[in-house]
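Heads up: numbering here begins at 1 and tracks the sequence. Remember, predicted model here, so these are calculated numbers, not experimental data.
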Amino acid sequence: MVTPSPSINVLGGALVPCSTDPMTGFFRDGSCNTCAEDAGSHTVCVVMTDEFLAYSKYVGNDLSTPRPEFGFAGLKTGDAWCLCAARFFQAHDEGCAPKVSLRATHNRALEIVPLEVLKAHAIEAL
């Protein structure tokens with residue numbers, strides 16, 4: 001049985017939804033909730049940009065191409081999505097990380113990405 005981790009964001013508050021259109025999250029509940037079985041740590045709520053989508057496709061994680069067999073329409077600029085923490089950190093290192101919603105990013109992302117890095121890309125004013 002899958003036991004979800006507590007729904008706490010990187011700021012220590014309640015995790016808010018990331019997106020329901022498109023539907024995102026490891027549990028496909030619209031939030032970046034996670035659990036021990038979430039090996040990819042789909043915990044960082046980002047807003048897609050053309051630059052990040054091109055980068056993602058280049059590194060072999062194509063998020064823009066529709067995959068109807070999985071009910072996936074493909075992402076476009078402006079879509080919010082629960083991204084793998086390691087993918088986000090990699091994009092940060094390459095200089096093309098998308099913006100982050102800290103209130104919608106799960107605190108388990110901090111196991112991979114330092115808070116200061118997330119804050120550097122934050123949508124919310126701090």
Is it the case that one hydrophobic cluster holds both Leu110 and Leu83, taking links as side-chain heavy atoms less than 4.5 Å apart, direct or via other members?
yes

Taken in chain and number order and not counting sequence neighbours, the residues that satisfy side chain to side chain contact (heavy atoms under 4.5 Å, CB included) with Glu94 are Tyr55, Cys96

Non-hydrogen side-chain atoms of Thr105 and Val44 separated by less than 4.5 Å
yes

Hits for side-chain hydrogen bond (donor to acceptor under 3.5 Å, both in side chains) against Asn61, two or more places apart or cross-chain, chain-then-number order -> none

With heavy-atom distances below 4.5 Å as the criterion, would you say the side chains of Trp81 and Ser19 are in contact?
no

Between Cys82 and Cys32, is the SG-SG gap less than 2.5 Å?
yes

Lys76 meets the salt bridge (Lys or Arg N to Asp or Glu O under 4.0 Å) criterion, sequence neighbours left out, with Asp79

With a 4.5 Å limit on heavy-atom distance, are the side chains of Thr43 and Val10 in contact?
no

Can you find a heavy atom in the side chain of Cys84 that is under 4.5 Å from one in the side chain of Ser41?
no

Among residues at least two apart in sequence or on other chains, which ones pass side-chain hydrogen bond (donor to acceptor under 3.5 Å, both in side chains) with Arg67?
Glu69

ring-ring contact (aromatic ring centres under 6.0 Å, His included) filter on Phe88, not counting sequence neighbours, yields His121

Should Asp62 and Ser64 count as side-chain neighbours, where that means a heavy-atom distance under 4.5 Å?
yes

Other members of the hydrophobic cluster containing Val2, with the 4.5 Å side-chain heavy-atom rule, please.
Phe26, Phe27

